[in-house]
S.K.: 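Structure in structure tokens, see below.
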2 protein chains.
Amino acid sequence: MSERSNIKDVSALAGVSIKTVSRVLNGHRYVSTDTKERVEKAMQELGFRPSVAARILAGTKSGQIALIYDNHSPYYMNQIQMGCWEACQQNGSRLLAQPVDVADPLVGEQVRGLVTETHVDGIVLSSPVTDCVPVLKALEGMDIPFVRISPGTNHAMTSSVFMDDAQAADDMTSYLIARGHRHIGFVKGHSNHMASEERLFGYRRALDRAGLPFEPALIAPGEFDFDSGVAAAQRFLKGKRRPTAIFASNDDMAAGVLSVAHDMGLGVPDDLSVVGFDDTMVARMVWPQLTTIRQPTRELAHAATQLLLEGAQATHRRLPHDLIERASVARINPDLLS
Amino acid sequence: MSERSNIKDVSALAGVSIKTVSRVLNGHRYVSTDTKERVEKAMQELGFRPSVAARILAGTKSGQIALIYDNHSPYYMNQIQMGCWEACQQNGSRLLAQPVDVADPLVGEQVRGLVTETHVDGIVLSSPVTDCVPVLKALEGMDIPFVRISPGTNHAMTSSVFMDDAQAADDMTSYLIARGHRHIGFVKGHSNHMASEERLFGYRRALDRAGLPFEPALIAPGEFDFDSGVAAAQRFLKGKRRPTAIFASNDDMAAGVLSVAHDMGLGVPDDLSVVGFDDTMVARMVWPQLTTIRQPTRELAHAATQLLLEGAQATHRRLPHDLIERASVARINPDLLS
DNA sequence: CTGTTAGCGCATTCAA
DNA sequence: TTGAATGCGCTAACAG
């Protein structure tokens with residue numbers, strides 16, 4: 001019941017040549033329906049499974065792709081993996097998930113090793129590996145297709161998949177404006193990241209469109225971490241002209257803002273609305289009172305993988321985002337609105 | 001710079017036979033230090049990496065193992081993957097992470113396909129695949145070694161790695177007793193899971209040792225989900241002889257308990273201590289006031305993988321747990337202690 | 001539509 | 001301590 005059967009066994013049982021078996025295996029046309037069925041029955045009976053190793057060695061494609069990542073948040077990575085996985089499933093490909101350390105001086109070599117050892121047909125890069133120069137260089141030097149998910153910098157000649165950060169920030173800002181907010185604090189993200197500027201741009205664009213002034217005092221710097229949110233909130237909330245809402249560029253910073261608000265005895269969202277981007281995917285679990293822009297992480301991963309499997313060259317795909325509204329955020333203390 | 005070089009190129013450059021290169025590749029003894037160095041230098045120069053495919057085809061081991069899982073919580077899975085990954089790194093093996101759907105009637109076939117197609121040398125099973133009969137059967141029928149991480153049922157003849165649930169529950173209960181609690185509600189886990197009985201047993205053992213009576217009224221059934229925690233808390237907290245502490249068998253149920261306590265205006269931990277097991281690894285993020293037993297998930301995965309790679313037969317390894325104490329839990333309202 | 005002949009890159013006999 | 005031959009299971013030309 002457990003002997004490994006090979007293509008020869010199948011061909012013998014079906015009474016055809018091994019090449020014919022190979023043909024039905026690869027879904028080749030020019031196989032009569034009759035023999036095809038016979039071969040398939042034989043494969044079934046023997047529980048035949050083609051050895052990937054042999055296919056790699058003999059053929060040109062391995063049917064395998066790799067996902068390379070470095071610990072982003074577990075929730076985020078889970079979404080990424082699932083998205084890639086689903087796309088692979090649909091395509092009949094295998095996925096090799098490979099964690100790396102982008103700070104390791106040998107990452108480039110490691111990736112090169114992975115590719116030459118496993119013969120993967122392509123690579124999906126997830127943040128922050130998307131912007132790891134040694135990896136990018138290694139890949140480019142090897143002539144292997146790769147796609148980047150939400151890259152932080154724009155390498156024109158590589159394929160990528162991303163969301164429209166400017167539009168998302170615009171949507172969120174408009175959302176707040178529509179609810180009566182006129183003074184909206186904005187906590188900016190790390191300047192290394194392309195998304196930071198985009199999000200700020202969207203915020204400004206929404207203010208503009210609504211005819212509201214852009215007040216530099218309402219912009220705080222940040223680095224996408226909890227402490228940045230704390231610092232920003234302290235600055236905003238201890239001033240006399242307190243914003244009625246704070247828009248943090250990601251969820252970790254939003255959490256920092258929330259904690260300060262809480263310490264100051266401010267009710268959220270009654271005294272202060274706090275909104276953000278759900279970058280690490282934890283926001284909705286931990287702070288249900290938060291209205292967030294959901295990054296379509298899983299969909300991005302899926303699209304990236306599909307792109308890779310389809311072999312499209314230097315394609316950039318922009319995916320839509322979601323604004324996840326919490327009922328609670330709408331309850332704003334009217335006294336605070338100016 | 002990117003041509004794939006093979007063992008022949010190396011042998012030519014080093015001026016030795018193919019076989020000798022193969023020997024140094026596999027760390028074989030009986031190679032003179034001199035030639036070994038020469039070969040290694042040649043490999044370096046050519047950027048040579050052995051093709052796994054060729055090794056699989058020609059040899060008997062693939063140097064690959066698979067981790068099979070079904071969506072547990074992302075945090076949990078992240079720990080599992082990292083643990084397996086680290087062990088593989090140390091061993092120079094590759095890890096194939098394979099999600100499956102245990103409810104799919106074809107899981108068995110899928111796993112069989114994975115094994116025969118990829119030639120993996122062994123399998124690590126993570127909950128709930130540890131108890132998926134079709135998978136277990138497929139594996140046993142294929143004569144491939146596998147190790148189970150925290151299995152729910154005890155298949156005597158398979159290797160497994162787990163924590164001591166009884167001792168952990170005992171520790172937690174003793175911890176509460178030491179802080180003055182005399183009436184401790186216990187929310188039991190799903191009866192399908194071996195850990196449920198173990199944890200209850202540990203709870204009872206601690207009470208016994210402290211000379212406290214076991215009160216059946218203080219035991220509530222549960223199914224490891226939020227709602228079970230809610231139901232149990234309602235029963236406990238609406239009765240007249242309210243427990244001063246509630247010990248939930250996992251964190252989802254602890255969350256349910258917390259939500260009820262909150263709705264009833266009970267301060268945690270001032271009016272009620274709530275403790276639990278950190279099964280899904282989210283507890284510490286979401287409810288910092290919770291004192292929990294941390295499952296050594298990563299360590300379990302590491303140990304399981306090591307076991308597999310070492311080829312130990314039918315070994316069972318028990319790992320120690322941690323009790324993660326929050327300062328807050330110690331502040332108990334003395335009025336509530338009887 | 002189908003079969004024949006070569007290898008893919010390595011480990012594994014055997015021999016030296 | 002080393003080398004020469006053989007074949008793993010499959011696909012890729014080429015035939016027919």
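Naming: A, B, ... by sequence-line order, numbering from 1 per chain.
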S.K.: Have B:Q295 and B:D279 got a donor and an acceptor in their side chains that come within less than 3.5 Å?
M.R.: yes
S.K.: Take a 6.0 Å sphere around NZ of A:K19 and say whether it holds more than 12 heavy atoms from other residues, nucleotides or ligands.
M.R.: yes
S.K.: Measure across A:T130 and A:S150 and return the closest heavy-atom pair with its distance rounded to 0.1 Å.
M.R.: OG1-O, 4.3 Å
S.K.: Answer yes when B:E109 and B:R112 have at least one side-chain N-carboxylate O distance shorter than 4.0 Å, and no when they do not.
M.R.: yes
S.K.: Does D:dG3 have OP1 or OP2 sitting under 4.0 Å from an N or O in the side chain of B:S17?
M.R.: yes
S.K.: Verify the contact: side-chain N or O of A:N6 to OP1 or OP2 of D:dC8, cut-off strictly under 4.0 Å; return yes or no.
M.R.: no
S.K.: Any salt bridge between B:R294 and B:E299, counting N to O under 4.0 Å?
M.R.: yes
S.K.: Short of 4.0 Å, heavy atom to strand atom, which residues of residues 7-15 of chain A count as contacting DNA chain C?
M.R.: none
S.K.: From the set D:dG7, D:dA12, D:dC10, return the single nucleotide nearest to any side-chain atom of A:R55.
M.R.: D:dC10
S.K.: Please find the earliest and latest nucleotides of DNA chain C, in the 5' to 3' direction, that have an atom within less than 4.0 Å of any heavy atom of chain A.
M.R.: C:dC1 to C:dG9
S.K.: What is the separation between atom CG on B:L25 and atom P on D:dT2, rounded to the nearest whole Å?
M.R.: 16 Å
S.K.: Determine the minimum heavy-atom distance between A:Q306 and A:A87, stating which atoms define it.
M.R.: N-CB, 4.2 Å
S.K.: Between A:T60 and A:L57, which has a closest nucleotide on DNA chain D that is more 5'?
M.R.: A:L57
S.K.: Given atom CG of B:D34 and atom C1' of D:dT2, what is their separation to the nearest angstrom?
M.R.: 13 Å
S.K.: Using a strict cut-off of less than 4.0 Å between a Lys/Arg side-chain nitrogen and an Asp/Glu carboxylate oxygen, indicate whether A:E37 and A:K41 qualify as a salt bridge.
M.R.: no
S.K.: Regarding A:V16, tell me which of base, sugar-phosphate or nothing describes its non-hydrogen contacts under 4.0 Å with the strands shown.
M.R.: sugar-phosphate
S.K.: Does a salt bridge link A:R55 with B:E117, judged by any charged N lying under 4.0 Å from a carboxylate O?
M.R.: no
S.K.: Would you kindly check whether a donor in the side chain of B:R23 faces an acceptor in the base of D:dG3, or vice versa, at under 3.5 angstrom?
M.R.: yes
S.K.: Nearest-Å distance, CD1 (A:I56) to P (D:dT11)?
M.R.: 11 Å
S.K.: Using OP1 and OP2 only, check whether a side-chain N or O of A:S51 sits under 4.0 Å from D:dC8.
M.R.: no
S.K.: Within less than 4.0 Å of OP1 or OP2 of D:dT2, is there a side-chain N or O belonging to B:T35?
M.R.: yes
S.K.: With the threshold set at 4.0 Å, does a side-chain nitrogen-carboxylate oxygen contact exist between A:R318 and A:D164?
M.R.: yes
S.K.: Starting from C1' on D:dG9, measure out to NE2 on B:H119 and report it in whole angstrom.
M.R.: 8 Å
